[in-house]
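Here is the naming used below: chain letters follow the sequence lines, and residue numbers restart at 1 for every chain.
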2 protein chains.
Amino acid sequence: MNMFIMCSVKLGLCTCILNNLLLCIILQSSHTSEGVWPLPQTFSTSMVRYELKPQSFHFGYRGQSAAQRDCSVLDAAFERYFALIFSNNTAGNDKFSVDEPFTLEINVDHHDCESYPKEDSSERYNLSVSTGRAFLNAETVWGALRGLETFSQLVYQDNVGSYFVNKTDIEDFPQFRHRGILLDTSRHYLPVQAILKTLDAMAYSKFNVFHWHIVDDPSFPYQSQTFPDLSGKGAFHPVTHIYRQSDVRRVISYARMRGVRVLPEFDSPGHTQSWGKGQPGLLTPCYRRGVPSGTFGPVNPALPSTYQFMASLFKEVASVFPDSYVHLGGDEVDLSCWKSNPSILTFMKKMGFGVDFPKLETFYMEKIVNITSALNKTSVVWQEVFDNNERHTSQSVVEVWKQGCYLCEVRRVTKAGLRVILASPWYLDLPGPTHNWARYYTVWPLAFKGTEEQKKLVIGGEVCLWGEFVDATNLAPRLWPRASAAAERLWSDEKQTSSVKQAFPRLQDFRCRLLRRGIQAEPLDVGHCRHEYQGV
Amino acid sequence: MNMFIMCSVKLGLCTCILNNLLLCIILQSSHTSEGVWPLPQTFSTSMVRYELKPQSFHFGYRGQSAAQRDCSVLDAAFERYFALIFSNNTAGNDKFSVDEPFTLEINVDHHDCESYPKEDSSERYNLSVSTGRAFLNAETVWGALRGLETFSQLVYQDNVGSYFVNKTDIEDFPQFRHRGILLDTSRHYLPVQAILKTLDAMAYSKFNVFHWHIVDDPSFPYQSQTFPDLSGKGAFHPVTHIYRQSDVRRVISYARMRGVRVLPEFDSPGHTQSWGKGQPGLLTPCYRRGVPSGTFGPVNPALPSTYQFMASLFKEVASVFPDSYVHLGGDEVDLSCWKSNPSILTFMKKMGFGVDFPKLETFYMEKIVNITSALNKTSVVWQEVFDNNERHTSQSVVEVWKQGCYLCEVRRVTKAGLRVILASPWYLDLPGPTHNWARYYTVWPLAFKGTEEQKKLVIGGEVCLWGEFVDATNLAPRLWPRASAAAERLWSDEKQTSSVKQAFPRLQDFRCRLLRRGIQAEPLDVGHCRHEYQGV
């Protein structure tokens with residue numbers, strides 16, 4: 001009766017009140033050490049545990065909930081999480097025992113079952129587990145999804161295979177609302193299955209944005225309805241190495257079901273070599289000693305046809321991708337080709353740019369930003385677009401990616417009143433163990449001098465997995481569990497998660513959980529998981 | 001008729017004789033660029049091609065062959081290679097056409113079908129592909145396996161899915177007879193399936209030794225018949241994380257079928273923490289300020305019981321593992337614990353070793369070498385065992401693993417008349433792309449000053465994949481295709497394979513072939529394969 005122990009997780013210690021006695025125990029019992037990753041904001045647990053049996057466990061909607069049966073997002077989530085919770089069911093059903101039922105009842109305030117997660121969607125939830133039932137309250141179905149993930153991580157098996165969950169109370173919400181993973185499907189083609197599997201794993205770590213760097217110099221796998229030649233001539237292969245409209249819809253739908261937004265990037269004016277194959281006249285012809293060299297540079301910003309093409313393309317993109325954000329790129333523009341081209345030089349003169357080529361870059365990006373603004377999209381751009389434009393007139397979100405003092409850049413961008421997504425510290429290109437998880441965990445996105453208003457403009461961060469040396473063969477072990485370290489940084493309270501040492505055993509347990517769920521997450525160090533990946 | 005073009009691959013160029021005209025073409029046609037990896041010693045090919053159809057393709061034994069039907073190794077190989085050659089069969093059978101049959105006929109000199117590959121087994125083969133048939137001649141079935149692998153790599157598909165093989169003549173043999181891969185199943189447990197899959201991939205690159213570093217400090221997964229407590233108490237888990245006798249037999253049998261020897265390593269006296277759990281009294285108790293500290297050091301070399309135990313253990317190992325080599329380890333012995341222990345110091349005094357602890361190490365290793373010699377096994381030891389012993393009385397094979405001037409060590413060991421296995425330049429622990437394939441390709445094991453006799457003592461090399469950060473989740477992409485770079489160095493003629501630039505497209509093609517065969521080999525650089533790994 002009086003065994004309920006209130007604990008508030010703080011720096012790995014647990015202040016415990018038991019019958020008015022103040023006790024301190026360390027959260028290292030067999031189940032709680034597995035815990036929840038990323039760590040919830042407030043977390044009260046108890047030694048009282050309840051057995052869960054697959055045959056008497058149910059998900060349900062509370063009477064007052066805005067979402068009820070046939071809520072597509074939650075109905076599907078119930079099925080997924082039932083399978084995840086009761087995976088490795090070795091105990092077998094005891095058909096003759098009368099089991100106490102256990103129900104997880106959901107209440108959500110808004111009926112957003114058929115919509116898409118948005119940049120300002122609440123992901124807050126409360127979860128209360130007690131005798132025979134658990135209550136999960138959330139403002140939105142997206143918050144309910146986060147709570148279901150948490151609940152699934154609270155369930156553990158004892159040595160004979162029975163399932164248990166402890167008495168628990170959780171209030172939880174994300175520290176940052178934009179928690180993304182960038183995949184690059186241009187340098188290597190990623191089969192749709194590999195993307196879907198990544199979306200599964202993202203949901204396990206509570207990521208909520210899939211930044212799809214879908215095209216770049218090496219290949220153009222997006223099959224455009226308006227410009228089919230872009231993939232027809234610009235993909236690695238026009239049939240096997242493309243994303244059809246149906247593939248894109250499948251990815252968006254799969255992501256939606258997991259509360260993940262799909263943020264497409266069509267990077268220009270640089271990084272567009274593959275575009276040129278299917279869209280002659282789009283790229284700038286480079287010159288050598290006064291004659292065309294046969295090579296091409298960035299998109300040609302001097303031609304009206306460029307903007308007509310971009311308007312058509314982004315009109316399609318805006319309709320295919322439901323998210324209100326679209327990423328316009330704008331990084332690493334090589335100016336040498338523009339400088340070599342006589343008609344570009346003429347255009348510069350006419351526009352009064354002198355020899356200030358970054359002005360030309362800004363001119364181009366502003367046109368593209370305006371195109372997407374007219375389509376009611378918020379544009380996201382890489383940091384150069386901000387750096388080049390002193391006026392900062394556009395209301396783009398700026399993604400900070402360069403190495404070095406990235407917080408200096410965050411400070412500058414937020415000082416200009418613009419929103420920031422931080423990527424610099426989370427480039428996962430170089431593999432572990434030289435670049436291990438702790439490197440990605442000990443990142444403090446708000447550790448710059450700035451006002452409260454400035455801090456609020458840091459809307460989140462993204463883990464970037466560029467594709468030079470990554471395809472479906474090594475994607476999963478390169479991402480996981482290192483990306484999960486970033487996930488905790490972006491979701492959890494910084495003060496409660498500042499210690500690498502305390503995070504380590506929790507992340508090891510979480511990594512084993514990923515394995516059990518079929519995610520090929522690589523090991524952090526010497527050791528083992530109860531269920532090893534079979535490698536087949 | 002006169003279209004037969006003789007080409008001899010040399011430095012990537014092909015000298016071609018056509019109707020008495022000398023032509024030079026670069027081997028970059030659609031099929032030959034895929035070529036054979038590792039590169040055969042002599043390779044004549046032609047533009048004349050023959051279509052192969054699954055329904056009319058057969059393997060057969062020539063009349064004079066010592067091996068005939070029911071040769072277990074070759075019968076099984078025929079099945080495997082038929083499936084590999086005609087994988088991705090999309091063309092469908094044309095049941096109404098009468099196909100010209102094509103037969104690959106094998107002749108081997110020795111009936112070694114039921115034996116194990118040995119350290120001096122010939123792997124030489126000749127392969128001649130002409131109208132309607134191919135002849136494969138080898139001294140042993142192991143050579144025939146290498147020839148079958150080569151033949152399978154000669155077959156290619158055109159754009160409509162038909163299979164072809166070109167007129168070809170190959171004489172081939174390995175540069176080094178010991179071409180190994182070390183897997184570490186102590187730092188992480190590798191499920192048997194992951195080992196078998198690695199053996200498959202090893203055969204594709206013509207590796208012939210699986211160095212099984214089966215036990216070490218973190219865990220003792222080998223289930224000994226004589227000492228079941230070693231795994232019972234020393235494995236990560238006594239049931240799920242062990243290799244049963246049946247598992248070991250399965251690995252050895254699977255390896256044999258692919259011409260791969262299994263070289264077991266039971267490393268001592270260091271690297272034995274896990275042994276101590278199931279064999280009390282085996283390890284040296286460490287002392288601090290004159291009293292036992294509760295921790296243990298290397299195997300206790302002062303006790304007769306140690307050698308009784310080792311004699312029993314190695315007697316079992318010698319009977320379980322058929323190979324004539326056994327690896328005894330002997331690396332990285334931490335002397336501090338021995339130095340702290342009073343009875344060790346007494347023993348040192350009694351033996352007249354003074355304070356020369358490496359002498360104690362040598363004393364121990366000589367005892368173990370003698371135990372295995374009495375069991376008719378050739379011992380392999382890590383280089384410290386050689387370094388510590390000035391007399392070099394034992395006839396062990398020395399494995400050179402330390403970084404730095406490893407060829408200096410190779411020179412010293414061969415000067416002492418001992419055989420060398422080179423591992424130093426092929427440590428694959430650190431992942432690519434910082435440690436990329438070219439690093440492992442540009443290794444010249446014989447580039448030291450020494451006599452012809454000394455060079456002959458370099459019997460080969462081993463790729464080492466230590467397990468600190470590797471388990472079944474990332475084993476395959478970390479090994480392949482980087483290990484294949486070492487495989488070519490160990491098999492092929494150094495002069496013909498000295499150029500990274502020329503090897504690159506061939507290795508890219510080979511990597512795509514590995515993918516097609518289900519090996520999760522990671523990409524070398526930006527690009528694509530016709531058949532991508534699906535990532536599921």
Which heavy atom in A:P523 sits nearest to a heavy atom in B:T473, and how many Å separate them?
CD-OG1, 3.5 Å
Quick one: of A:P218, A:S219, A:A476, A:A521, who has the most non-hydrogen atom pairs under 4.5 Å with chain B?
A:A521
Between B:L524 and chain A, which part of the residue has a heavy atom less than 4.5 Å away: side chain, backbone, both or neither?
backbone
Report which part of A:L475 has an atom under 4.5 Å of a heavy atom belonging to chain B: side chain, backbone, both, or neither.
neither
Taken to the nearest 0.5 Å, the spacing of B:F236 CZ from A:C529 SG works out to 10.0 Å
Side chain, backbone, both or neither of B:V192 within contact of chain A (heavy atoms, under 4.5 Å):
neither
Applying side-chain hydrogen bond (donor to acceptor under 3.5 Å, both in side chains) to B:D158 and not counting sequence neighbours gives none
Apply side chain to side chain contact (heavy atoms under 4.5 Å, CB included) to the pair A:F469 and B:D525, showing each step before the final yes or no.
CA-CA 5 Å; A:F469 303 102; B:D525 205 341; 4.2 Å; yes
Could you label the plane-to-plane angle of the B:H528 and A:H241 rings as parallel, tilted or perpendicular, counting under 30° as parallel and over 60° as perpendicular?
perpendicular
Going through the distances and angles, do A:Q520 and B:Q520 end up as a side chain to side chain contact (heavy atoms under 4.5 Å, CB included)?
CA-CA 12 Å; A:Q520 212 174 322; B:Q520 211 174 323; 3.1 Å; yes
Please evaluate residues B:N474 and A:N474 with respect to the criterion side chain to side chain contact (heavy atoms under 4.5 Å, CB included), reporting the C-alpha separation (whole Å), side-chain torsions for both, the decisive distance (0.1 Å), and the verdict.
CA-CA 7 Å; B:N474 56 0; A:N474 55 1; over 6 Å; no
Please determine whether the number of non-hydrogen atoms from other residues, nucleotides or ligands lying under 6.0 Å from atom CZ of B:R250 exceeds 12.
no
Decide if atom CD of A:E79 counts as having more than 12 heavy atoms of other residues, nucleotides or ligands within a radius under 6.0 Å.
no
Run the numbers on A:E532 and B:D471 for side chain to side chain contact (heavy atoms under 4.5 Å, CB included), then give the verdict.
CA-CA 9 Å; A:E532 298 287 348; B:D471 68 5; 4.0 Å; yes
For A:P431 and B:G432, work out which heavy atoms get closest and say how close.
CG-O, 2.8 Å
Let's test your reading of the structure: which of B:H237, B:H188, B:E468 forms the most heavy-atom pairs below 4.5 Å with chain A?
B:H188
Who pairs with A:R478 by salt bridge (Lys or Arg N to Asp or Glu O under 4.0 Å), at least two apart in sequence or on another chain?
B:E522
Side-chain contact, heavy-atom cut-off 4.5 Å: B:P433 with A:L430?
yes
